[in-house]
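Worksheet: one structure, shown below.
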Amino acid sequence: MEQFQGRDSTPRAGSIDKSRVLEIKPLRCLVPIFPSQPNFTSFNTPQGAAPFVCSSPSGPFPPGATSFFPFFGAPGSQGTSGHNPQTTPGQTPPFPFNTPVSDAVPITSFRASSPPRAGATSYHHSRAANGDTTSSGRVTRRSAKSQLQDGVAGEAGNGNAEGERTRFRKKGSMDPEVDDILTSFNIIEFNSARQNDGDKDSVEYVLLIFDLLRRKIAQIEDSKVSSPGVIKRPDLRAGTFLMTKNIRTNATKRMGSVPGVEVGDIFFFRFELCLVGLHSPSMAGIDYLRVNLQEEPVAVSVVSSGGYEDDVEDGNVLIYSGQGGNLNIDQKLERGNLALKNGLDRGNEVRVIRGVKDLASLGKVYVYDGLYKVEESWVEKGRSGCNVFKFKLIRLRGQPEAFTTWKLIQQWKDGISSRIGVILPDLTSGAESLPVSLVNEVDNEKGPEYFTYFSTIKYSKEANSADSSSGCACAGGCLPGNLNCYCIQKNGGYLPYVANGVVANAGQLIYECGPSCLCPPNCKNRVSQGGLKVRFEVFKTKDKGWGLRSWDPIRGGAYICEYAGEAIDNSKVEALHSDMDDYLFDATRSCPPILPSDSNEAPKLPFPLAISAKNIGNVARFMNHSCSPNVIWQPVLRTNNRESDLHVAFHAVRHIPPMTELTYDYGMVPPEEMGRQKKLCLCGSSKCRGFFH
DNA sequence: TTCCTTCAGAGGTAT
DNA sequence: ACCTCTGAAGGAAGC
C-alpha cells in the first residue's frame, strides 16, 4: 500500500510511483496576483528581490471581486388510514397510547377534516405571526403582549406600508453597487441536470459562491452609513441572487440522503440548506414531498433549531414539535405535521438538521445529522393548554457520528468527560490564550520532534521603531465606512473583515492595523493579532504524521492562525528546500485556484517570504498538505511598511466541522525543480497533483 | 397569480 | 437576553 507522505514523515527512497508521476498533466497555474493597476504602492524586500506590488483598487469593485487568486479563476395514499405497514409484532405501534406523556392523545383524531384553506383562515387574523406564531409548545420569541398589539393594530397599521412594499419592491432588486459586485463574479452556469441532481463538486461550488457573495455584500453594506431600522441581510441578497441564476443543486426534492452532502456537514445560514437541496423552505422547519397530487405529503427533512420546545438531549433521538398553532390555537394535522405523520406510517427516512448555538458568533450552526425515522407521534397540551404535535425520531444506525461528536466535545470542554489519548493538555504551555491538546489515538508515538512553541513570526533583524506617521488615528477602533482611516484607505476603502473575523476577499493582501496605529487591540482590523480563536488539537493521523484539527466549528473565511517561525532570507530558501525542511513555509510557491478556471494563466508573481518552523513555531506547523485543502493562506501586512510586519494568515476556505483535519496547499513545484525528490501525495482528492514538496 | 405560512437573522435596547 | 423588524421560498388557494 502506498503511504501518504506528510509533513511529519520522511519520504522513503524509491517510494514515488513513477508511472503515476509521469501521467500528471500540466497544471493550470494561477498564482497570487496583487493588482498592478493605478495607485501603486510597493516596497522592496530586504534582499532586494523582486518587489511585490499592491494597489488600491480602481473601478467600481473593491479588490478581490475580479479575477483573483485563489478563488476566481475567471472571474399511493396509505398514510392516513392508521395502518402502519412497517409495524411487525413486537414493535411499537404507530400510535402509542403508552407514551409517557400524561395527556397523550392519538394523533389521528386531529386529522384536519376542514375544507380547503380552513387552516389558512384560522391563522389569518394573526398575520402578525411572522416569527411569532407562539405555539403552545414553542419557545416564545415575542411576548403575548406584542402579539396582542399586532392582532389589534398591526394589520390596519401595516396595511398601507405592506401594499407599498409589494408594489414597488422588485424581487432581487438591489442597489447598483451590489449589482456590480454580483455581475463581477464570473459564475459558472449550471445546466439543468446539475441544478436538479448534485454531487460533491456542485455542492461545494454553490456553498463557496454563496459565501463569497455574502461576505462581499456584507463588506459593502457595513461600509455604508447605517440608517436605524434598516436591516441588512447579506445572506438573503446572496441567496436570492443564486436562486434567480439557478446556481443551486439538488433542486429536485428527494427523500433520503442528498448527493454531495455528507453527514456532519455544517452550515451557517438557512439559505445554504436550501441551495444544496438539503432542506428547501427558507424558514419553515419541516420540508415535505408530494409525489403527485393524489398522494399525501411525506416529510423529507426537519430542522430542529430551538424555535420550539424540542427534546434534543439524546444525540440519537429527537423529539420534534409540530408546526403551526399559537397561544390560542391548536396545531392542526396538516402541512408539515401531516407529512411527518405520513412519514411515520410509511417508515420513510427523514433528514435531520440540528441547530446548535455557535458560541463564537452568538449565531447558529446547522449540523446535518443524517437520516432518522419517525417512530412515534402523539399530541400533548402545551403550556397554554393548546394542542401540540410531538414526533419521536430515531437516528438510523451505521451513519458517521455528527451531532453526538458535538455533544462529546462539549463534555470535554465542561470537564464532564475527558478526551481519550491526550498526551499533553496544552502543548503551548500557556503561550496561547486557549490550550492546544496533543492527542494520539493511533499508536504509541509520544509526540512530534522537539520544538519551541512561539506564537508569531520572528525576524532576524530588529524591528525599526514604530513609524507613527504611517498608522491610523482611530482611537476608538477602525469603523467600516470611515474613509479617513489610513488603514481602510490602504484596503481600498473597506474594512477587510466582516463579522466574526471573516475575510471579505479571499486570497488578497490584507492591510491590518499595526504597531503605529492608535486604535486599540480589539480593533476589527486586527483580526490576526488576537491569538487563537478556536480550540485546537494536534493529533496523530493514520498516515500523515501529526496533523491539526479544531474542536470548534470554523466558518468559511474565518481566521484560523498565522504561520509562526523564523523568517528566512531568500538566499537560504533553496538550501532549506534541498534539506527537505518539513516545516518550511514557502510563499513563493503558487497554488491552483480553488474554483475551476477557464481563464488564461496569470503571470507568476511570488510573495517574497519564507518561514521555517523547524525549531520554533505554532500550531500552523502541523497542518498537512492537501490538493483539495480546506484552508488557504493570505499575506497580511500590519500597516507600517516594514518587512517585519509581514505575516501569513490562514483562513478557512469553507465551513469546517469540528474534528476535521485542517489542510492547506503547500504550493506547486516550479518546473525547474520537477526532478527533485518529492513527497508522494495521496490526499485522495480528484484534483490531486500526485506529489508535493 | 396571489396569498399565506414559516424552528431567520440583524440590530437595537435593557439588564 | 429580549424585543422589533423585514424576509423569501414554496405550498395552497384562487382564478
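Chain identifiers are assigned alphabetically (A, B, ...) following the order of the sequence lines, protein sequences preceding nucleic acid strands; residue numbering begins at 1 within each chain.
Taking the side chain of A:S305 as heavy atoms from C-beta on, and the options C:dA9, B:dC7, C:dG7, the nearest nucleotide is B:dC7. Nearest to the side chain of A:T240, among B:dT6, B:dA8, C:dA8, sits C:dA8. In this structure, of C:dG10, B:dA8, B:dA10, it is B:dA10 that holds the atom nearest to the side chain of A:F269. Of the candidates B:dA8, C:dG10, C:dA8, the closest approach to any side-chain atom of A:L236 belongs to C:dA8. Closest to the side chain of A:S321, from the set C:dG10, B:dC7, B:dT6, is B:dC7. Side-chain proximity of A:A284 to the nucleotides C:dG10, B:dG9, B:dT6 is greatest for B:dT6. Listed nucleotides C:dA12, C:dA8, B:dC7 differ in distance to A:R335; the shortest reach to its side chain belongs to C:dA12.
Along DNA chain C, the nucleotide closest to A:F271 and the one closest to A:Y288 are compared, and the more 5′ of them pairs with A:F271. Comparing A:S282 and A:K357 against DNA chain C, the residue whose closest nucleotide sits nearer the 5' end is A:K357.
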**Message:** Can you give me the dot-bracket string for DNA chain C, 5' to 3', counting Watson-Crick and G-U wobble pairs with both distances under 3.5 Å, using [ ] for crossing pairs and | for partners on another strand?
**Reply:** ||||||.||||||..
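If you measure from atom CG of A:L278 to atom P of C:dG10, you get 14 Å, rounded to the nearest angstrom. As rounded to whole Å, 14 Å separates atom P of B:dC4 from atom CD1 of A:I329. If you measure from atom CG of A:L340 to atom P of B:dC7, you get 12 Å, rounded to the nearest angstrom. Spacing between atom CZ of A:R214 and atom C1' of C:dG7 amounts to 16 Å, rounded to whole angstrom units. As a whole-Å value, the separation of A:E221 CD from C:dG7 P is 12 Å. One atom, NZ of A:K390, and another, P of B:dC7, lie 13 Å apart when rounded to the nearest Å. The NE2 atom of A:H279 sits 11 Å away from the P atom of C:dG10 (whole-angstrom rounding). C:dT6 atom C1' lies 12 Å from atom CG of A:D235, rounded to whole Å.
The side-chain contact (heavy atoms from CB on, under 4.5 Å) test with A:V374 is passed by exactly one of A:N348, A:D345, A:L318, A:V350: A:V350. Of the residues listed (A:L273, A:D287, A:V258), the one engaging A:S301 in a side-chain contact (heavy atoms from CB on, under 4.5 Å) is A:D287, and it is the only one. Looking at A:K232, A:K216, A:R237 one by one, the single match for side chain to side chain donor-acceptor pair (under 3.5 Å) with A:E221 turns out to be A:R237.
Residue A:K200 comes nearest to A:D265 through the heavy atom pair NZ-OD2, 4.1 Å, listed as atom of the first residue, atom of the second, then distance. Pairing each heavy atom of A:D310 with each of A:S321, the nearest pair is OD1-N, 2.9 Å.
With hydrogens and angles left out, the side chain of A:R233 and the base of B:dA8 share a donor-acceptor pair within 3.5 Å.
For the atom pair CD (A:E349) and CG (A:L393), the distance works out to 12.0 Å, reported to the nearest 0.5 Å. In this structure, the separation between CG on A:L207 and CZ on A:F271 is 13.0 Å, given to the nearest 0.5 Å. From A:K341, atom NZ reaches atom CG of A:L344 across 6.0 Å, with rounding to the nearest 0.5 Å.
Not one side-chain nitrogen or oxygen of A:Y366 sits closer than 4.0 Å to the OP1 or OP2 atom of B:dC7. Between B:dG12 and A:K232, no contact under 4.0 Å exists linking OP1 or OP2 to a side-chain N or O.
Taking a 4.0 Å limit (strictly below) on heavy-atom distances, residues 189-198 of chain A does not reach DNA chain C anywhere.
With 3.5 Å as the limit, one finds a donor-acceptor pair spanning the side chains of A:D369 and A:Y372.
A:R248 comes within 4.0 angstrom of sugar-phosphate atoms only, judged by non-hydrogen atoms across all strands, and of no base.
Enclosure of atom NZ in A:K253 by more than 12 non-hydrogen atoms of other residues, nucleotides or ligands within 6.0 angstrom is indicated.
A donor-acceptor contact shorter than 3.5 Å links the side chain of A:N337 to the backbone of A:K332.
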